[in-house]
Amino acid sequence: MGMKKLLFVALCLPFLAACSHDDDYEAARNAVIKENVQRVFGTSFSPDHDWCTTESKSITISNIPSGVESVQLLLHIAEDDGETSVLTLNEAEVNGQAKVTLAYDLPKNNIGLYVAFLSNDDFRLVKVNGNDVSYAGARRVTRALTTDYPIPTTVPVIGEIVESYASQRGWIPGEKLYGMAEADYASQKMVTPDYDDDFKEVFRALIFSYFKNGRSYNNLPLVKQSGVYNANAYPFTTGEEPIIVTPVYKRDGADKYGNETWNSDLYYYYYPSDANVTVEYLQSLPKYKAIPFKDCFGEKEDDVIQRKGSYALVYWGDGTPEIGTEGSYTFPEGYKIGFMVRAKTTAEGGKKQGELYADGRLDNEINSYASCNFKSSKLGKDDPRAAWLSVNGKMLLAFESGTDSDFNDVILEVEGGIEPIITIPDIDPNVYTFCFEDTEIGDYDMNDVVIKASRLSDTRVQYSVVACGANDRLFIQGIEGRKINSSTEVHQMFGKGIEFINTEKGSAKVAPVTEIVTVDKTFSFLDEATQPRIYDQKTKQTIRLATRGEDPHGIMIPYDFKYPLERVCVKNAYERFNEWGKNPIISTDWYKSPVAGNVY
């Protein structure tokens, strides 16, 4: 407690003591609190403000088929950097039920909600409109490839053989790349049905929340987390129908970065699944040009989800092709298919030229080559350049063909004569942050006790006590776990004496105290009986979340909130806090814009 706060309290105490009647005392107490709030924040707050940032709701999910194992309710939110995130609000095991109801706490500041249906071999999303969702909106639409795609009737012929960049640089001497004559690719392009608007919305919400765009994001851990990369990222051919590849998206900065995707081509290679596979073996396989991206994307196009044309991969036999070698649109059964992007842009003096493989074992040279900009991606030895994603029955291949590691430079759909590769994204739960001011005459740094909570499932909630910026002995009520409970003093939870914990700049970080507790399926963070609250042993007062017309002594933020540093008022850590306090319908996302240096 600072000297100014001590002086203010000392001046107020005689005034409060002089009030003999309870009503008079309460009025005087409220006047002192109000005067302190005015002094600390420099303004008055709306008397109608309830300080509530969420709504308690429930949703019924129906017509769930027997193959679905669990359902998730997903929240789509905007981040302060212009990107978006998808987070789980609740999830439940289905256990054979055709209908499930999920309770959830919805941040008032959100973009939308989705229900995910999960099984071992499927992941499907449906947009939420209202309080009911049916699986019918997620059913697979089976494509009849021979109907949807007019497979070319002409026999494809090898018409071009070029030296690879790897050969030019001495990495794989003599390596050649093969393709049809450039003019032939126009006749190979098939008219393709575009995605409907609903799927485009699902596509954008999920993929670019998962693989966020830009150099500040390293999405490689997400790729590796799936386990579907390098040796595990080769789909099997079925031998039953053509393999169709459709470019559906690119985001490469267009003019700014030299149209690097537009100037690139997609290549592929294949081998029998019983082959003795080594890196040297994969390097020796012929690589075939499948798609010139300039025929599929506008030169200045960026960040557009659209199917403009599809291509059938060609089986050229198993030998080394020559000019005039003929191919077929049907692969034998049991082969594996691999993919590569050949970057050819002349921008930046050719520093963005090279073969970039989905299988990272083939990228060791290009990822570390000092004379190319690809090294700046910080992808290391054996790190992949592409990731498979599964959304509503569609197999999507997302390439990192540039110089960062966001894995969304170009995205392709692959379908037809291959076995599906299923990846289920591991989506983090939404975080709710409880921040408390432990004294009525406070400085409102809102870090006297900080608790973060996430709903892991319909019956499990995880709480973490992350900070304590108080000198009083405090107890947490409303959570009765083994480590976090009303009998254990907060400083003692951390194994510390009475001191500031995780609130001061430069102080040693103390691990949070985390526990998972069992809750009822109807649980809500808005239920007063189960909300965290703080009991101050010194003042004998209980601090609860602020309600309508009160000062903001306790607030719950539906976000992984960066709380203020010690003795930094929340209005100085978040410059739009006062705007929200004066008018609760504006600046509702104030908590996404911290002042650098003022938050922990």
(message) What I want to check is whether the side chains of Gln188 and Tyr329 have a donor and an acceptor closer together than 3.5 Å.
(response) yes
(message) If we count only N and O atoms by modelled type, under 3.5 Å, do the side chains of Ser134 and Asn63 hold a donor and an acceptor together?
(response) yes
(request) For residues Tyr271 and Tyr234, establish whether the separation of their ring centroids is below 6.0 Å. (result) yes
(request) Taking the side chain as every heavy atom from C-beta outward, state whether Tyr269 and Leu362 have any pair of such atoms under 4.5 Å apart. (result) yes
(request) Name the orientation class of the two ring planes belonging to Trp580 and His49 (parallel below 30°, tilted from 30 to 60°, perpendicular beyond 60°). (result) perpendicular
(request) Applying ring pair (Phe, Tyr, Trp, His ring centres under 6.0 Å), name anything that partners Phe331, two or more places apart in sequence or on another chain. (result) Tyr270, Tyr315
(request) State whether the side chain of Asp406 and the backbone N or O of Gly214 hold a donor-acceptor pair below 3.5 Å, judged by distance alone. (result) yes
(message) Donor-acceptor check, side chain of Ser226 to backbone of Val228, threshold 3.5 angstrom: yes or no?
(response) yes
(message) Let's go through Lys308 and Glu301 carefully: what are the C-alpha distance in whole Å and the side-chain angles of both, what is the deciding distance for salt bridge (Lys or Arg N to Asp or Glu O under 4.0 Å) to 0.1 Å, and is it a yes or a no?
(response) CA-CA 12 Å; Lys308 293 183 178 178; Glu301 177 183 320; 2.5 Å; yes
(message) Other residues, nucleotides and ligands only: do more than 12 of their heavy atoms fall within 6.0 Å of CD on Glu333?
(response) no
(message) Between Glu79 and Ser85, is there a side-chain donor-acceptor contact under 3.5 Å, judged purely by atom types and distance?
(response) yes
(request) Test salt bridge (Lys or Arg N to Asp or Glu O under 4.0 Å) on Glu201 and Lys127 and set out the steps. (result) CA-CA 9 Å; Glu201 184 175 347; Lys127 177 88 181 281; 2.6 Å; yes
(request) Determine whether the side chains of Asn367 and Arg385 contain a donor N or O and an acceptor N or O closer than 3.5 Å. (result) yes
(message) Under a 3.5 Å threshold, yes or no: a donor from one side chain and an acceptor from the other, between Asp80 and Ser593?
(response) no
(message) Ring of Phe208, cation from Arg251 - is the NZ or CZ under 6.0 Å from the centre and inside 45° of the axis?
(response) yes
(request) Could you walk me through whether Glu91 and Ser70 pass side-chain hydrogen bond (donor to acceptor under 3.5 Å, both in side chains), step by step? (result) CA-CA 7 Å; Glu91 64 178 278; Ser70 63; 5.0 Å; no
(request) Tell me, please, which residues at least two apart from Lys381 pass side-chain contact (heavy atoms from CB on, under 4.5 Å). (result) Asn364
(request) Could you check if a side-chain atom of Val71 sits within less than 4.5 angstrom of a side-chain atom of Val94, using non-hydrogen atoms only? (result) yes
(request) Would you check if Leu222 and Phe211 make a side-chain contact, meaning some heavy-atom pair closer than 4.5 Å? (result) yes
(request) Go through the steps for Asp194 and Lys200 under the test salt bridge (Lys or Arg N to Asp or Glu O under 4.0 Å), then give the verdict. (result) CA-CA 10 Å; Asp194 197 10; Lys200 287 183 180 181; 2.9 Å; yes
(request) Step by step, work out the salt bridge (Lys or Arg N to Asp or Glu O under 4.0 Å) result for Lys483 and Glu515. (result) CA-CA 7 Å; Lys483 293 184 288 185; Glu515 183 161 13; 5.9 Å; no
(message) For a side-chain hydrogen bond (donor to acceptor under 3.5 Å, both in side chains) check, start with the C-alpha distance between Ser377 and Asp404, then their side-chain angles and the critical distance, and finish with the verdict.
(response) CA-CA 4 Å; Ser377 66; Asp404 52 25; over 6 Å; no
(request) Could you tell me how the ring of Phe436 sits relative to the ring of Phe434: parallel (under 30°), tilted (30 to 60°) or perpendicular (over 60°)? (result) parallel
(message) I'd like to know whether NZ of Lys108 has more than 12 heavy-atom contacts from other residues, nucleotides or ligands below 6.0 angstrom.
(response) yes
(message) Checking Lys212 now: which residues fulfil salt bridge (charged side-chain N to carboxylate O under 4.0 Å, His left out) with it, not counting sequence neighbours?
(response) none
(request) Can you label the angle between the Phe203 ring and the Tyr195 ring as parallel, tilted or perpendicular, going by 30° and 60°? (result) tilted
(request) Assert yes or no for the condition that the ring centre distance of Phe339 to Tyr268 is strictly below 6.0 Å. (result) no
(request) Taking the six-membered ring for Trp and the full ring for Phe, Tyr or His, determine whether the centres of Phe561 and Trp590 are under 6.0 Å apart. (result) yes
(request) Establish, for the pair Lys592 and Tyr574, whether the NZ or CZ atom is under 6.0 angstrom from the six-membered ring centre and no further than 45 degrees off its axis. (result) no
(request) Step through the shown structure and confirm whether more than 12 heavy atoms of other residues, nucleotides or ligands are within 6.0 Å of CD1 on Ile585. (result) no
(request) Check whether any side-chain heavy atom of Tyr149 lies under 4.5 Å from a side-chain heavy atom of Thr192, and answer yes or no. (result) yes
(message) Given 3.5 Å as the limit, does a donor-acceptor pair link the side chain of Ser390 with the main chain of Phe123, or not?
(response) no
